[in-house]
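Here's the structure we're looking at; comments come further down.
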Amino acid sequence: MDVPFVAGSRYRAFTDPEGEGWRGLDAERIRLMGTPVGMQPTGIIRAAWTGRPIGAVPEVSVAAVHDGSELCFHLSWPDPSETRE
């Protein structure tokens, strides 16, 4: 993935996930796989997810920019519930 350099005040616009700068960038699609219940880090998580479906998000799109010292990522994926909490 080639990460574009964005200088000065233009870089600040990329700190807004809804910013227009993200719309013009190429994104890489990364396939995801849900972590099996037996590999979850705590017993509470394992108990809560036993018998429930995992891996609801099959892939994520990732775009990035940098200003020479900081790196900013934009991740997006389909979410039919559109809950923004």
Side-chain angles (χ1 to χ4, degrees):
M1 174 180 214
D2 194 23
V3 178
F5 174 79
V6 179
S9 62
R10 283 190 52 228
Y11 181 77
R12 195 165 316 182
F14 288 93
T15 61
D16 175 6
E18 302 291 330
E20 290 199 25
W22 292 114
R23 294 186 195 125
L25 290 180
D26 291 332
E28 290 281 329
R29 295 184 131 189
I30 300 172
R31 293 185 56 158
L32 303 176
M33 181 177 77
T35 303
V37 172
M39 294 179 70
Q40 294 296 333
T42 68
I44 293 170
I45 294 172
R46 288 188 293 273
W49 283 93
T50 297
R52 295 175 63 189
I54 61 169
V57 178
E59 67 181 24
V60 63
S61 293
V62 180
V65 296
H66 73 93
D67 69 352
S69 64
E70 293 184 5
L71 181 62
C72 197
F73 291 99
H74 185 273
L75 289 84
S76 61
W77 58 92
D79 180 6
S81 67
E82 277 296 318
T83 53
R84 295 175 181 244
E85 298 174 22

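The structure displayed is predicted, hence computed values, not measured ones.
- Contact detail for L25 and A63: the closest heavy-atom pair is CB-CB, 4.4 Å.
- To the nearest 0.5 Å, atom CZ of residue R29 and atom CZ of residue R31 are 11.0 Å apart.
- Under the 4.5 Å side-chain heavy-atom criterion for ILVMFWY residues, a single connected hydrophobic cluster contains both I45 and V37.
- A continuous path of hydrophobic side-chain contacts links V57 to I30 [ILVMFWY only; heavy atoms under 4.5 Å].
- Residue V60 is grouped with residue V3 when hydrophobic side chains (ILVMFWY) are merged at heavy-atom distances under 4.5 angstrom, including chains of intermediate members.
- Summarising the geometry of A56 relative to P58, their closest heavy-atom pair is O-CD, 3.3 Å, with the distance given to 0.1 Å.
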Applying side chain to side chain contact (heavy atoms under 4.5 Å, CB included) to L75 and V62, what does each step give before you reach the verdict? CA-CA 5 Å; L75 289 84; V62 180; 4.1 Å; yes
Trace of the side chain to side chain contact (heavy atoms under 4.5 Å, CB included) decision for Y11 with E70: CA-CA 9 Å; Y11 181 77; E70 293 184 5; 3.4 Å; yes
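- With rounding to the nearest 0.5 Å, the separation of CZ in F14 from NE2 in H66 is 11.5 Å.
- For D79, the CG atom is densely surrounded, since the number of other residues' heavy atoms within 6.0 Å is greater than 12.
- A distance of 10.0 Å separates CE of M39 from CD1 of I54, quoted to the nearest 0.5 Å.
- Summarising the geometry, atom CZ belonging to R23 is positioned 7.0 Å from atom CD belonging to E18; distances are rounded to the nearest 0.5 Å.
- By the 6.0 Å contact criterion, CG on L71 is enclosed, its count of non-hydrogen atoms from other residues, nucleotides or ligands being greater than 12.
- Taken from OG in S61 to CH2 in W22, the straight-line distance is 12.5 Å, to the nearest 0.5 Å.
- A7 and F5 make their closest contact through CB-CE2, 3.7 Å (heavy atoms, listed as atom of the first residue, atom of the second, distance).
- Hydrophobic clustering places F73 together with W77 (ILVMFWY residues linked when any side-chain heavy atoms are closer than 4.5 Å, directly or through intermediates).
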